[in-house]
Amino acid sequence: MKTVVWGPGVKVTGVQHFDLEKTLFCGQAFRWTAERTRFFGVARGRALEAWQEEDSIFLSPCTLKEFDEIWQEYFDLKRDYGRLQSEARAFVGDEILPDIHILRQPLFETLITFILSANNHIPRIRGLVERLAERAGKPIPDWPGAYDFPGPEDLAGLSEAELRSLGCGYRAPFLAETAQRVMEGCLEGVGELPYDEAKKRLMALPGVGDKVADCTLLYGAGCMEAFPVDVWVHRALKERWGVEGSRPKLALEARKRFGVHGGYLQQVLFYESRQAGGKGA
DNA sequence: TTCCAGGTCAAGA
DNA sequence: TCTTGACATGGA
């Protein structure tokens with residue numbers, strides 16, 4: 001992998017086992033939009049246009065420093081997905097696995113967006129997240145109409161009634177209370193804790209159950225052993241291996257069985273299950 | 001119009 | 001510990 005300055009951005013060449021479109025639209029992030037083959041998104045106070053041509057990706061606007069400090073980690077470009085995939089085939093047989101990377105999104109944003117995901121549709125979650133950003137997030141300099149995801153203090157500044165008016169529904173008090181508790185420091189150091197302790201800490205927050213905690217750890221803390229089980233993954237586990245049981249029980253068993261390959265495999269099952277169900281990427 | 005969604009929570013068995 | 005029903009909302 002090599003980076004060069006290219007116009008106002010950065011071109012990264014020699015990127016193997018990475019499908020930008022599948023990675024951005026497989027249900028782990030809610031802030032990316034597509035215009036033909038170009039994608040626009042916001043993370044960590046930056047707006048970005050990104051696209052891919054074979055094994056090269058283009059990021060703009062972006063400096064080499066920003067690539068090193070922000071986007072390389074966000075897109076999880078340092079991990080060897082070729083190796084991860086070949087190891088994962090021990091569990092799923094000799095099939096071609098999609099080049100989906102597990103994004104490393106901001107922890108608070110991941111937590112809140114997945115609280116919103118509970119009993120909700122992906123298109124509606126996207127709309128909700130966007131409205132929250134426009135209402136409470138800081139505007140991105142030099143990018144009209146783009147807003148960063150609100151920080152804990154921004155979100156805590158909204159009343160429960162305002163959150164409901166944005167469409168959060170019964171999740172409004174969960175968001176308000178969670179934002180308040182995060183402001184008081186309940187997320188500090190969570191990313192460095194062992195899986196079980198980190199999960200316990202997250203599940204102490206309102207609106208965070210077994211599945212939302214796993215999503216937060218996987219997509220917001222790089223915890224590759226987290227294995228969120230939702231309706232789609234539950235369906236896939238049943239069809240593929242004939243396993244039965246409650247979702248938390250299946251998540252526990254999958255974690256034991258797949259170890260650090262669990263997070264990636266779970267995303268593959270989710271992606272394939274939705275493709276088969278006609279929901280697309 | 002009805003169904004359903006990347007679930008969680010509280011109550012009751 | 002496990003099961004059950006309520007919960008807001010709007011896309012399909």
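The basis for the numbers below is simple: all heavy atoms, side chains too, and nothing from hydrogens, waters or symmetry mates.
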### Query
Are the aromatic ring centres of A:Phe75 and A:Phe67 under 6.0 angstrom apart?
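They do not qualify: ring centres at least 6.0 Å apart.
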
### Message
Taking the ring of A:His101 and the ring of A:Phe18, is the distance between their centroids below 6.0 Å?
### Response
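Yes, close enough.
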
[X] [atom1] to [N] [atom2], straight-line distance once rounded to whole Å:
X: A:Asp210; N: C:dC2; atom1: CG; atom2: P; result: 12 Å
X: A:Ile122; N: C:dG10; atom1: CD1; atom2: P; result: 18 Å
X: A:Lys279; N: B:dC3; atom1: NZ; atom2: C1'; result: 10 Å
X: A:Tyr170; N: B:dT8; atom1: OH; atom2: C1'; result: 7 Å
X: A:His234; N: B:dC4; atom1: NE2; atom2: P; result: 16 Å
X: A:Ile115; N: B:dC9; atom1: CD1; atom2: C1'; result: 13 Å
X: A:Met203; N: B:dG7; atom1: CE; atom2: C1'; result: 11 Å
X: A:Ile112; N: B:dT8; atom1: CD1; atom2: P; result: 14 Å

Nearest-neighbour nucleotide for the [X] side chain, [options] considered:
X: A:Asn119; options: C:dG10, C:dG11, B:dA5; answer: B:dA5
X: A:His121; options: B:dT8, C:dC7, B:dA5; answer: B:dA5
X: A:Arg164; options: C:dA8, B:dA5, B:dG7; answer: C:dA8
X: A:Asn120; options: B:dC9, B:dG7, B:dA5; answer: B:dA5
X: A:Pro123; options: B:dG7, B:dA5, C:dG11; answer: C:dG11

### Query
Going by an N to O cut-off under 4.0 Å, is there a salt bridge joining A:Arg247 and A:Asp210?
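Not counted as a salt bridge, because no side-chain N and carboxylate O are separated by less than 4.0 Å.
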
Taking any heavy-atom pair under 4.0 Å as a contact, classify [X]: base, sugar-phosphate, or nothing.
X: A:Arg126; result: nothing
X: A:Arg274; result: sugar-phosphate
X: A:Leu205; result: sugar-phosphate
X: A:Val229; result: nothing

### From A:Ser273 atom OG to A:Asp230 atom CG, the distance as rounded to the nearest 0.5 Å
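The OG atom of A:Ser273 sits 8.0 Å away from the CG atom of A:Asp230.
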
### Query
Between B:dT8 and C:dG11, how far is it from one P atom to the other, in whole Å?
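Their P atoms lie roughly 23 Å apart.
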
### Query
Taking for each residue the nucleotide of DNA chain B with the nearest heavy atom, is it A:Gly207 or A:Phe30 whose nucleotide lies nearer the 5' end?
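By nearest-heavy-atom nucleotide position, the 5'-most residue is A:Phe30.
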
### Message
Do A:Val92 and A:Trp241 have side chains that approach each other closer than 4.5 Å (heavy atoms only, starting at C-beta)?
### Response
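They are in contact (side-chain heavy atoms under 4.5 Å apart), so the answer is yes.
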
### Task
Return no unless some side-chain N or O of A:Arg247 is found under 4.0 Å from OP1 or OP2 of C:dT3.
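False: A:Arg247 side-chain N/O out of range (4.0 Å or more) of C:dT3 OP1/OP2.
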
